[in-house]
Amino acid sequence: MNFINKNENKSFSGSQDDLPDIKKKFKLEDEKILEAIIFASKEPVNINDLKKSCPFIEDINASLKNLTNFYSNRAVNLVKIKNTYAFRTLPYYSNHITQTVEKKVKLSKAAKETLAVIAYHQPVTRTEIEDIRGVSLYKGLMDTLLDSKWVNIGQRRDTPGMPVTYITTNDFLDHFGLNTEKDLPNYKELKEAGF
Amino acid sequence: MNFINKNENKSFSGSQDDLPDIKKKFKLEDEKILEAIIFASKEPVNINDLKKSCPFIEDINASLKNLTNFYSNRAVNLVKIKNTYAFRTLPYYSNHITQTVEKKVKLSKAAKETLAVIAYHQPVTRTEIEDIRGVSLYKGLMDTLLDSKWVNIGQRRDTPGMPVTYITTNDFLDHFGLNTEKDLPNYKELKEAGF
Amino acid sequence: MLQHNIKQDKFIVDLKGFDGPLELLLSLAQKQKVDLKEISITELVDQYLFFIKNVSKLKLELAAEYLMMASFLTYLKSRILLPKDCLEDELSASEMEKNLAFKLKRLSEIKNCTDELFLKPKLGIDFFKRGFYENSDKQIVKKLDASLIDILRAFAKINSKKIFSPLRFIRESIFKIDDALKSILGFINRGKKWTLLHEIIPKDWRGSKVKVRSAIATTFAASLELAKSGDCLLEQSSPFKSLKIKSKERG
């Protein structure tokens, strides 16, 4: 999604004579513009898109941080998914929300495990997945995972045969409420154990 | 949409001995539950539905009023439409930005195939595409792909007639989450993946 | 998963419960010790082989993967039991043992992580995005929508189409019956000597095997047609000998 700044509102670029109070007020305005954009957007908004559409915001990271803090003790939080931002409800309140859940393809045990191998070991080749799971991947498994939009194709591995690698997507992180792959359960422990 | 109160949380119904502080805290929880429900709802939520799904909230109108106040100076407001509630972004903020809303148009089978041929065989001429697909390209197909910004015109082929070649763009790579065209799996790899 | 009946000292198993031999091995190891670091490999090998032996009694069509693992384990056990100085090649038994233990631990970790991952709150189930989006005052831009898998499928389809292309005759190397008739008649008009049939094939049809084959077949068919109508005579001294042709003796 793209945002075009219609009228680069001059009032946002304060002169040196501005009082701190007004500055502060303007900062709040920055935040609120970001709030409006992210709230209205259907997909998580990329920080680069935010920068492009709001060139008048001096420190976008600071503004986003303020916004995150503002919502931090609410039922709706501003969450960061890799380099994108979106509002999400807290799991704590899920008991009160019943939505007609979109029917997702139920993943098989093998598919779930393969997804986990990709998540923890990415970028990972087919052979490596098979080595870790100790079994050859059945036909169509990778097809299913790619179809789920949770897995994508990464860079080819720079080894003989240049094998294709697999990685997880932002959709995957968003689905499991993770900010980055590092937030995967036991991620650190696994890496430290050399797996 | 229906709301069903899954676990009627007893802790929300404070006893008479509660201190005012705790009361206030509970009120905030009430508010936040409403906040989550209204945020996640696909349509403005009827106040009767809110009452039904949150029977533990003593004074729902007061809670809604608090919530309205909380959002009153934000870019997102809680608005009452007849007897329903919904969050709306303020037009004042959306004026700064024009959101270009993308209406997604599904690619036709022919367009998908042509795009695939260009991605895998680039730079490729029209005749070569027709040869690979075994059918002639219908009028306007290349225009559609060029409009999508996923395909661009490459260098002319140094053969008689100097035909134009087609290549994929950085937008194409961005859209499909690829680093280079070379990361696309080849036919053998696709077969292994079960395509 | 693994079910066994100790009373009968016989395993009742369903191999379908296991995603491969490594998982079976892991399941056996987990029964042995809680801490995977302390498992005894030799004991594990025995258990695996015992298991496989009993399964094969019940199921003849045992997956090749399981048998391969069995032969590897048998080899590993023999290496462990042999005195060290008997062996001189690349990988020592202890290294192989360590490697197997590592793989088991790694698989067990990923299994735990898979369970934990899928226990996490999930979007659309435990937490939610905004229910609806406003579309007032927005420029609507049409954008083509396709996912990577669409493109991959399209490509795979084109390629498989090529493999299963319909049978088509390659017309240019087929000698037409009209041309054969013309060349035979041309020959007949020139002389009356017996001539081998394949000698009257035009020169430009002798280049490739495919062309020669087609030209002989068509010339033969045409000659039969002409013999039937009485325009020429055919002679074959005995079966499988070369066929000779001559114009009909007139008068």
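This one's a predicted model, so the numbers in the text were calculated from it and none came from an experiment. Proteins come first, then strands; the chains are lettered A, B, ... in the order of their sequence lines, and each starts at number 1. The analysis underlying the following values was restricted to heavy atoms, covering all of them including side chains, and did not include hydrogens, waters or symmetry mates.
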[atom2] on [Y] to [atom1] on [X], rounded to 0.5 Å:
X	Y	atom1	atom2	value
A/Asp147	C/Asp150	CG	CG	8.0 Å
C/Ile149	A/Thr144	CD1	OG1	8.0 Å
C/Asp19	A/Tyr138	CG	OH	8.5 Å
A/Tyr120	C/Ile110	OH	CD1	6.5 Å

Report, by ascending residue number, the residues of residues 186-195 of chain A in heavy-atom contact with chain C at a distance under 4.5 Å; give 'none' if the set is empty.
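Within residues 186-195 of chain A, near chain C: A/Asn186, A/Leu190, A/Gly194, A/Phe195.
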Under 4.5 Å, heavy atom to heavy atom: which of residues 81-91 of chain A reach chain C? Give them by number, or say none.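 Hits under 4.5 Å: A/Phe87, A/Arg88, A/Thr89, A/Leu90, A/Pro91.
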Show your reasoning for whether side chain to side chain contact (heavy atoms under 4.5 Å, CB included) applies to A/Asp174 and C/Lys129. CA-CA 10 Å; A/Asp174 195 10; C/Lys129 41 182 163 181; 5.7 Å; no
In terms of heavy-atom proximity below 4.5 Å to chain A, should [X] be classed as side chain, backbone, both, or neither?
X	value
C/Leu148	side chain
C/Leu22	both
C/Leu152	side chain

### Message
Salt bridge or not between C/Asp115 and A/Lys112? Use side-chain N to carboxylate O under 4.0 Å.
### Response
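Judged by the 4.0 Å cut-off on N to carboxylate O distance, C/Asp115 and A/Lys112 do not form a salt bridge.
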Testing the basics here: between [X] and [Y], what is the closest heavy-atom pair and its distance to 0.1 Å?
X	Y	value
C/Thr114	A/Ala116	OG1-CB, 3.2 Å
C/Glu65	A/Ser136	OE2-OG, 3.2 Å
C/Leu107	A/Ile132	CD1-O, 3.4 Å
C/Ser147	A/Lys149	CB-CE, 3.7 Å

I'd like to check [X] versus [Y] (side-chain heavy atoms, cut-off strictly below 4.5 Å). Are they in contact?
X	Y	answer
A/Lys109	C/Lys111	yes
A/Asp143	C/Arg153	yes
A/Leu184	C/Glu116	no
A/Leu115	C/Phe118	yes

- Between chain C and each of A/Ile153, A/Val76, A/Asp131, count heavy-atom pairs under 4.5 Å; write down the option with the most.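 Heavy-atom pair counts peak at A/Asp131.
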- prompt: At a heavy-atom separation under 4.5 Å, does A/Asn152 approach chain C through its side chain, its backbone, both, or neither?
  reply: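 Looking at A/Asn152, just its side chain touches chain C.
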Requested in this report: Decide if the gap between the ring center of A/Tyr92 and the ring center of C/Phe127 is smaller than 6.0 angstrom.
Outcome: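 Not close enough - the centres of the two rings lie 6.0 Å or further apart.
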Inset, instruction - Would you indicate whether A/Met162, at its atom CE, is surrounded by more than 12 heavy atoms from other residues, nucleotides or ligands within a distance under 6.0 Å? - result: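 Count over threshold, so yes.
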query: Just wondering, more than 12 heavy atoms not from A/Asn73 lying within 6.0 Å of its CG?
result: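 Atom CG in A/Asn73 is crowded, with more than 12 foreign heavy atoms closer than 6.0 Å.
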